[in-house]
Structures are given as C-alpha cells and as structure tokens.
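Before we start, here is the structure in question, set down as structure tokens.
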2 protein chains.
Amino acid sequence: MILTGVWREGTTLPREIELASRFDVSRASIREALSLLKAKGLIASKQKAGTHVRARFDWNMLDEELLNWTLSALPAQEFAKQILEVRRIVEPEACAICAVRGTDEDFARIERAYRGMDAAGMDRVAYAEPDLQFHRGILIATGNDFLIAFGATVAAALRMSFDLSSTNPGAPRKSLPYHRAVLDEIWARNPDGARQAMHKLMDLTEGNIITAMARQKKKDAEDENVRTRRTR
Amino acid sequence: MILTGVWREGTTLPREIELASRFDVSRASIREALSLLKAKGLIASKQKAGTHVRARFDWNMLDEELLNWTLSALPAQEFAKQILEVRRIVEPEACAICAVRGTDEDFARIERAYRGMDAAGMDRVAYAEPDLQFHRGILIATGNDFLIAFGATVAAALRMSFDLSSTNPGAPRKSLPYHRAVLDEIWARNPDGARQAMHKLMDLTEGNIITAMARQKKKDAEDENVRTRRTR
DNA sequence: ATAGAAAATATGTCTGACATAATAATTCTT
DNA sequence: AAGAATTATTATGTCAGACATATTTTCTAT
C-alpha cells in the first residue's frame, strides 16, 4: 500500500492494534513487519504520535528486497529506465577499475560465470544465474564495498530483464559475445577497453528491455482489445 | 561486534534468550534489534538452526545507518577512499543529468543551499547542513530514485569529512567557489561543464580528506609517543 | 552401515500487561 | 478572554511467559 501510493508520504498508518486485527495476526508480528519497513526507511514512528510514511527521498531504493517489492508492485516501465541509467553510470567504471585492480582469482571467477552462461545455451532459466554472477564478479573484483553493495541493484535489474525476456526467449543468449568482449578486455588489464566493452553491453541490454517492453505493451493492448470486444 | 569482525562471516550468534539475558533486556527487544540487522543484510536466521552472520557481499553498505555505524566502529582510513571512489563515479554524472533534466525549481533549491553555505562563513557546523543539501539537491534533480537513494552515502561521507575537518577549521570554506562553479554550469544547462566542475570539487574533497587523515595519523603518532615516554 | 522414527531445540508467533512519551483536554492564573 | 500550567489520554515501546513450527540431532530397527 505504501509502494502503490495508497498510503502516501506523510500518511499516518493505522495503529498497531488495528493493523493486527485487520491482518489477523498478533501485535508482535505487526511490529516485526513495521520494524523491517523502518529499517528500509519507508516509515518512522514516535511514541503516542503514531507511525507515518517517510518521504520517498529517504527510502533506501538500493536495497534488494525493497527493489524487488517495488518491481512487483508497480509497472516496471519507469523503473527499468532509471535502473539502466544508474547501471550505465556505475558498471562501466567498475569494469575499468576491475581490469586494473582485480586479481587473477577474481578474473577466474568471472570466467567461470561466463562459461556457465555459455553452457546454458538457449535455456533462459539456466542463463540467469551465471549472468548475475558475471556482473557481480566484476563488482567484487573492484574491492570497493559500496560497488559490491550495488550488486543488489544489478540483481534486481537482471531479474526484471529475465521476466521481460519471456516473450523473446532467444534474447539473453545474444548478450554472450558482449560478455566475452568484456572478459577479454579485463584479462588484458585494459581499463579503457573494459569500460567501453561494458558500455556496449549496456547498450544491448537497453535495446532488449525497450523492445521487450514495447512487445509487452502491444500484447497488453491486444488483450484489452479482445476483452472489450467480448464484453460488448 | 559484527562490524569489527569479532563475529565474522558465518559465525552463529548466541541464541536470543542468551542475548536477552546478556544485555539485560527482553527477548522481544533483542528480536527487534536482530530484525533491524536482518533488514540490512548483516544476519539471517532459520528456525532451530539459529542466527548467523551473512557474507560481507550481502551487506547493504549503501544504507545510511549501516554506513554510520561502520564509520564509527572502524578506522575511517580505508572507507574514506572507497566512498570517494564511488562518489567520483556517481556525482559528476548525476550533475550532468541534473543540468539537462533539472527544473528551475530544482536549481533554485540548490542555489538556496549554496547561499546557506556562503552565509555560514567560517562556521564549520553551520556549513555542513547546506553542503549536504547542495549535493542532495543535485541528486534529487536527476529524478532518478536510485541516484536519490545514493544521497544517503553522500550524507555519511560528508559527515565523515566534517569530523576530519576539526583539525583544519578553514578547509570546508575553501570548497565554496567550486560549488559556485557547479551551480553556474547547471544554470547554464551545460552538462559537460557541470560534470567537469563536479569532478574538480571531488578532487578538492579528496585532497582535503587525504591531508586531514595524514594530520590525524601524525597526531595519533605523537600522542602515542608521549604516552610511551610517560610509561617508561 | 543405513534408513527411518523420535526427541531436542532455536526461531517464530501469540497473549496480556505495564512503561513511557507526546498529544489533547482541562484547570488555573493574569 | 488569553495564555500558562496541570492533568488525562493514548499509541508506541518494553516486558514476561507460553505455545507452534521447523530443523537438527539422537536413537532405533533393519
């Protein structure tokens, strides 16, 4: 209800006892749920005054759970663009740092992920996990704890891409040579090349998402069309 | 204890009842505390199996609270470099986006922050808040929820810089013309100029932090020297 | 030695009570 | 009648003790 804006910024939510009876659980369980939302910055509470929804600015959108909830609660359209914009900023630079600072062990881990993607063939489901490991491996190789934490955002983004790719099963596989290029530049310890290769991968990803969303939109429209004709 | 590595990755922490008696609070309070750490990715728990410390990779380091705890629990040295590295990646790009996409209202808010910094004069304490608002204003102007969430990291970084600047009270004020330059480029809606201006501001910040840490280190060494001479 | 059944146990949930602090209502003063 | 000080109210915060549930460990039978 907070994510979809039913309870918008500043709204005071029902008191704990009422929430407990509404969801038919104990007050203790409600408090555990609220403390989770509190930790992620969605709400804040004061004694007697009650619990209110905090400003969106204070929400920790880079949190993986919150991000997943958001993606399943709202149309992905807008978020997809935003996530991609941040990935475009962060991942190419992380990739350049990785090429300079990463150890051979780091690179081997990324290589293993690449092999996993290759082995998955056209199997979308099997392709997803090593794909994530590939991108995460690059972030880990930077040795920067904040870039590593950014992996949570990438994970959510890939999960979203995966969901969207259901209408176009062959799409993921097309990214394989782009990943290979990134890997080669990293092994060559060539930061500029690595940055550029990752940039191209981001371009491809963006293209895939845009066409997938367009297809989705078209499909929704057709379904809607069928539905209205039937009800007429 | 988790942050300082007393309880390292994989460690199973004492059971809730024992923690409750150890800290002399009820089990309910312990559970609230644990659920906070759970939400931030530090720990995970399973029935009967207990609660264990998760891998560092899973910690949500971009969370403001966690970041503040970390900065107060560990020597800032290493973290300062890492935070700066990420800020260098994100803020100049955010600044460029801001210059293109921001509204005049957004710019006015940033301008107000700038005026607040100017009005603070040599007062370090009064300078800190508008400084944060300045950087946050740029992120907000991008309209990207993930860049906005990055403001939490910037906030922690600035707080750290503030603490370090105690040995050099005049340092913050020196950043004022650099902020002015950023603001001018934004008003001019010049993304490349804005990117570059922010980059220069980051250079200055890095210089300040490095000298401040060196000074701190020297001071620590002197104190240590005095201490050992006394005990001899 | 192995597979399956039973016991043990740590987290998860429930109930009901009291503590505390912020707000709202009331009383008193000027 | 306006404002300050006091009292009452109330929603979150904390406590205690109990039971439920899901793993793990131990025991038993094959």
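Because the structure is a prediction, the values reported are computed rather than measured. Just so we're on the same page: letters track the sequence lines, and every chain starts at 1.
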Any salt bridge linking B:Asp118 with B:Arg173? Criterion: basic side-chain nitrogen under 4.0 Å from a carboxylate oxygen. yes
Please tell me whether B:Thr205 and B:Asn208 have a donor and an acceptor in their side chains that are separated by less than 3.5 angstrom. no
Rounded off to whole Å, could you give me the CD-to-P distance for the A:Glu32 and D:dT14 pair? 13 Å
Heavy-atom distance under 4.5 Å between the side chains of A:Ile210 and A:Lys81, does that happen here? no
Does OP1 or OP2 of C:dG12 have a side-chain N or O of B:Lys38 closer than 4.0 Å? yes
Rounded to whole Å, please give me the gap between CD in A:Glu18 and C1' in D:dA11. 12 Å
Can you measure B:His52 atom NE2 to C:dA10 atom C1' for me and round it to whole angstrom units? 14 Å
For B:Arg15 and for A:Lys46, locate the closest nucleotide of DNA chain C by heavy-atom distance; then report the residue assigned to the nucleotide nearer the 5' terminus. B:Arg15
Distance check needed: D:dT12 P versus A:Ile30 CD1, whole Å only. 11 Å
Are OP1 or OP2 of C:dA10 and a side-chain N or O of B:Ser45 less than 4.0 angstrom apart? no
In whole angstrom, what separates B:Leu34's CG from C:dT11's P? 8 Å
Under 4.0 Å between a side-chain N/O of A:Lys48 and OP1 or OP2 of D:dG13, yes or no? no
Closest to the A:Ser29 side chain: C:dC14, C:dA22, D:dA16? C:dC14
Output yes when at least one side-chain N/O atom of A:Thr51 is less than 4.0 Å from OP1 or OP2 of D:dT12, else no. yes
Between P on C:dG16 and CD on A:Glu16, what's the gap in Å once rounded to a whole number? 17 Å
Contact under 4.0 Å: B:Arg31 side-chain N or O vs C:dG12 OP1/OP2: yes
Give the nucleotide from the list D:dT12, C:dC14, D:dA22 with an atom nearest to the side chain of B:Gln47. D:dA22
Using whole Å, what does the distance between atom P of nucleotide D:dG13 and atom CD1 of A:Ile17 come to? 13 Å
Using a strict threshold of under 4.0 Å (side-chain N to carboxylate O), is an ion pair present between B:Glu65 and A:Lys38? no
By ring pair (Phe, Tyr, Trp, His ring centres under 6.0 Å) - contacts of A:Trp187 (at least two apart): A:Phe107
Taking CD1 from B:Ile43 and P from C:dA10, how many angstroms apart are they, rounded to a whole number? 16 Å
Under 3.5 Å, is there an N or O donor on one side and an acceptor on the other linking the side chain of A:Arg27 and the base of D:dG13? yes
